[in-house]
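Taking it in order: structure first as structure tokens, then the write-up.
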Amino acid sequence: MKNVLCERHTPHAGATEEIERRTLPAAAAEAIRATAAAIAAMMERLPGWSTSDAAALTDPRLIELIDARAAGLPGAVRHAVRPPATSAGAAIVSGLPLHDGELGPTPRDWRQAAAWSGQAEYRHASFELDLSMLLLARCAGEPFGWEGQQDGRLVNNIVPSPGHEHEQSGASSTTLLSPHTEDAFHPQRAHLLMLGCLRNPDLVGTTVSSVRQIDLDDRQRLRLREPLLPILPDVSYGTEFHRLQADPVATIGGAEDEPTLRYDPAYTPLDDADDEFRGAYSHLGAELERVCRVAVLHPGELLLVDNDVVVHGRVPFTPRYDGTDRWLKRVNIRLPRRRTPAETGESGYGQRTVTPFGSEMNEEDREFQAHPVTHSEPQRPGGRSDHSG
């Protein structure tokens, strides 16, 4: 690693740093899996524990165990999952022990994956790996879910699904999943995205592009800092957004030497902007393509993505639907990091987070959860559904 920097400090735009590579020490990695197995065994002995609890991962007793056991994991775990430290805004963490034979078949969709996690006869290692991901995410920050996405699960399953091959969605395969900020429409979007690879036989790559490595001229940066257009939710969150407030947001934020990015062209009504703004936005897209890097994950590897700095996507691949396809698990993570106060008043289109941990929620987040804004009318372009991984 060329630079070891604090969480938000990175070199100037145009830096050429690659994706960081980190390794979990063997003892720390084994401790994660052993702890997850112990928690699974304990939960299944508790009275009132049900398969739906296993699927959602939100039982208060489970959350208490994750909190306590994550705190007891070796410090090397927290060091490995710290936020990416360089201008690339992403890190690959290897070393989590995982064997293909323990997984069972790749599910056909996230609903099947959730059902299998909650049923002992089909579970294989999926439930324990959900717990492993939660432990890792808790060492990094505060894991959370979305009420409107994958039934509020804290750990999402990303698999190719029949009938969705050509969508702009995590369930797609044969089409390029375009670069985007995860849940860019929402002020409570993740600070850190964690993708864990269970299976990737075709070596499908995840693309990452960092705003800290692009080149824009002063006028382009100035225009992209204007809160001119809204970013709208994808259709996985519903379709009744015309009743809710559509807040214009800035594409580029942050300090001049530490820019942040909020980008989702598939859900941004660019036709409503003037020619100069569209030109700057187009140049931004070209620059993100220029600096794009491809992370090819192997089983037992994690990809950490700074969601304030990096847009991510996925290269196309041909699914087989024979139980051997690519299978990732994803966790959204909140850090004790403050965004611009202007975001506090955004509507979030009525979408609410699932926050059973909640310890890192700052006052602005608490205010939004207590009093979400719901008025005005957005316009809706076409685009991606359930965008992820």
- Same cluster or not: are I214 and V294 linked, directly or through other Ile, Leu, Val, Met, Phe, Trp or Tyr residues, by side-chain heavy atoms under 4.5 angstrom apart? no
- Task: Please tell me if the side chains of L229 and P248 come closer than 4.5 Å, counting only heavy atoms from C-beta onward.
- Result: no
- Item | Donor-acceptor contact below 3.5 Å, side chain T206 vs main chain R314 | no
- Query: Are the charged groups of D100 and R199 less than 4.0 angstrom apart, N to O?
  - Reply: yes
- Any I333 side-chain heavy atom under 4.5 Å of L193 side chain: no
- Item | Heavy-atom side-chain proximity of H298 to N200 below 4.5 angstrom | no
- Message: On the six-membered ring of F277, is R223 placed so that its NZ or CZ lies under 6.0 angstrom from the centre and within 45° of the ring axis?
- Response: no
- Using the salt bridge (charged side-chain N to carboxylate O under 4.0 Å, His left out) rule, take R61 and D59 through it: C-alpha gap first, then chi angles, then the decisive distance, then the call. CA-CA 5 Å; R61 298 167 295 180; D59 186 290; 3.0 Å; yes
- For R320, what residues pass the side chain to side chain donor-acceptor pair (under 3.5 Å) criterion, not counting sequence neighbours? D202, T324
- Task: Could you tell me the separation between the CG atom of L73 and the CG atom of L136, rounded to the nearest 0.5 Å?
- Result: 8.0 Å
- Query: S94 and E301: side chain to side chain donor-acceptor pair (under 3.5 Å), yes or no, with the steps?
  - Reply: CA-CA 4 Å; S94 60; E301 289 187 330; 4.6 Å; no
- Among all residues two or more places apart in sequence or in another chain, which pass the side chain to side chain donor-acceptor pair (under 3.5 Å) test with R69? none
- Message: What I'd like to find out is whether the side chain of E17 reaches to under 4.5 Å of the side chain of Q213, using heavy atoms alone.
- Response: yes
- Query: Does the distance from a Lys or Arg side-chain N to an Asp or Glu carboxylate O, for R189 and E182, drop under 4.0 Å?
  - Reply: no
- Query: Does the Q220 side chain pair with the main chain of D217, one donor and one acceptor, at a distance under 3.5 Å?
  - Reply: yes
- Starting from the C-alpha separation in whole Å, work towards a yes-or-no answer on side-chain contact (heavy atoms from CB on, under 4.5 Å) for R293 and E18. CA-CA 8 Å; R293 289 167 171 78; E18 298 293 330; 2.9 Å; yes
- Just by distance, do the side chain of S210 and the backbone of R212 share a donor-acceptor pair under 3.5 Å? yes
- Identify the heavy atoms of F144 and Q188 that sit nearest to each other, and give their distance. CZ-O, 3.5 Å
- Note on the structure: Between L57 and F127 the two heavy atoms that sit nearest each other are CD2-CE1, 3.6 Å
- For H99, does its backbone N or O pair with a side-chain atom of E102 as donor and acceptor, under 3.5 Å? yes
- Between R21 and I19, is there a donor-acceptor pair closer than 3.5 Å when you use the side chain of the first and the backbone of the second? no
- Going hydrophobic residue to hydrophobic residue with side-chain gaps under 4.5 angstrom, can you get from L270 over to L216? yes
- With distance as the sole test, does R33 use its side chain to make a donor-acceptor pair with the main-chain N or O of E30 at under 3.5 Å? no
- Message: Using salt bridge (charged side-chain N to carboxylate O under 4.0 Å, His left out), reason through E256 and R225 one step at a time and then give a plain yes or no.
- Response: CA-CA 10 Å; E256 291 292 336; R225 286 181 177 277; 3.6 Å; yes
- Query: From Y281 OH over to L224 CG, what is the distance, rounded to the nearest 0.5 angstrom?
  - Reply: 8.5 Å
- Could you tell me whether E287 and R290 have a side-chain N and a carboxylate O separated by less than 4.0 Å? yes
- Message: Hydrophobic cluster membership, with links at side-chain heavy-atom distances under 4.5 Å among I/L/V/M/F/W/Y: are L62 and M42 in one?
- Response: yes
- Query: Taking NZ, NE, NH1 and NH2 as the nitrogens, is one of them in R219 or E276 under 4.0 Å from a carboxylate oxygen of the other?
  - Reply: yes
- Query: Are the side chain of R334 and the backbone of H191 linked by a donor-acceptor contact shorter than 3.5 Å?
  - Reply: no
- dist E142:CD -> D67:CG (nearest 0.5 Å) comes out at 9.5 Å
- Query: Can you name the salt bridge (charged side-chain N to carboxylate O under 4.0 Å, His left out) partners of D218, sequence neighbours left out?
  - Reply: none
- Determine whether I63 and L46 fall in the same hydrophobic cluster, where Ile, Leu, Val, Met, Phe, Trp and Tyr are linked whenever their side-chain heavy atoms lie under 4.5 Å apart. yes
- Note on the structure: SG (C197) and CG (L98) are apart, to the nearest 0.5 Å, by 8.0 Å
- Message: Would you compute the distance between atom CH2 of W146 and atom CG of N332 and round it to the nearest 0.5 angstrom?
- Response: 7.5 Å
- Task: Applying side-chain contact (heavy atoms from CB on, under 4.5 Å), run through L154 and V331 and close with a yes or a no.
- Result: CA-CA 6 Å; L154 298 181; V331 187; 5.7 Å; no
- Query: So which of L284, V310, D308, V309 actually passes side chain to side chain contact (heavy atoms under 4.5 Å, CB included) with L261?
  - Reply: L284
- Task: State, with a plain yes or no, whether a side-chain heavy atom of E20 is found less than 4.5 Å away from one of I92.
- Result: no
- Which pair of heavy atoms, one from F185 and one from I231, lies closest together, and at what distance? CB-O, 3.2 Å
- Donor-acceptor pair, side chain of H186 and main chain of Q351, under 3.5 angstrom: yes
- Message: Within the 4.5 Å heavy-atom criterion, are L129 and K329 side-chain neighbours or not?
- Response: yes
- Message: Between D264 and D183, does the side-chain contact (heavy atoms from CB on, under 4.5 Å) criterion hold? Intermediate values first, please.
- Response: CA-CA 9 Å; D264 194 345; D183 300 311; over 6 Å; no
- Message: Which heavy atom of V204 sits nearest to which heavy atom of V315, and what is that distance?
- Response: CG1-O, 3.8 Å
- Message: Are the side chains of T260 and I252 in contact, using a 4.5 Å heavy-atom criterion?
- Response: no
- Check: A31 main-chain N/O paired with T35 side-chain donor or acceptor under 3.5 Å: yes
- Query: Which is it for V311 and V208 under the side-chain contact (heavy atoms from CB on, under 4.5 Å) test, yes or no, and what are the steps along the way?
  - Reply: CA-CA 6 Å; V311 291; V208 292; over 6 Å; no
- Query: Is it true that a side-chain atom of D306 and a backbone atom of P84 form a donor plus acceptor pair closer than 3.5 Å?
  - Reply: no
- Message: Check for me, please, whether L304 and V296 land in the same ILVMFWY cluster - side-chain distances under 4.5 Å, paths through other members count.
- Response: no
- When rounded to the nearest 0.5 Å, the distance separating CD1 of I66 from SG of C139 is 9.5 Å
- Message: Can you give me the closest heavy-atom contact between A273 and L228, atom names plus distance?
- Response: CB-CD2, 3.9 Å
- Task: Could you give me the CA-CA distance, side-chain angles and deciding distance for R262 and T181, then say whether side chain to side chain donor-acceptor pair (under 3.5 Å) is met?
- Result: CA-CA 6 Å; R262 196 170 176 184; T181 302; over 6 Å; no
- Message: Run N156 and W110 through side chain to side chain donor-acceptor pair (under 3.5 Å) and show every step you take.
- Response: CA-CA 7 Å; N156 297 155; W110 70 263; over 6 Å; no
- Looking only at non-hydrogen atoms, find the nearest pair between P319 and D325 and report the distance. CA-OD1, 3.6 Å
- Message: With a 4.5 Å cut-off on side-chain heavy atoms, are Y263 and T268 touching?
- Response: no
- Around E147, counting heavy atoms of other residues, nucleotides and ligands shown, do more than 12 lie under 6.0 Å from its CD? yes
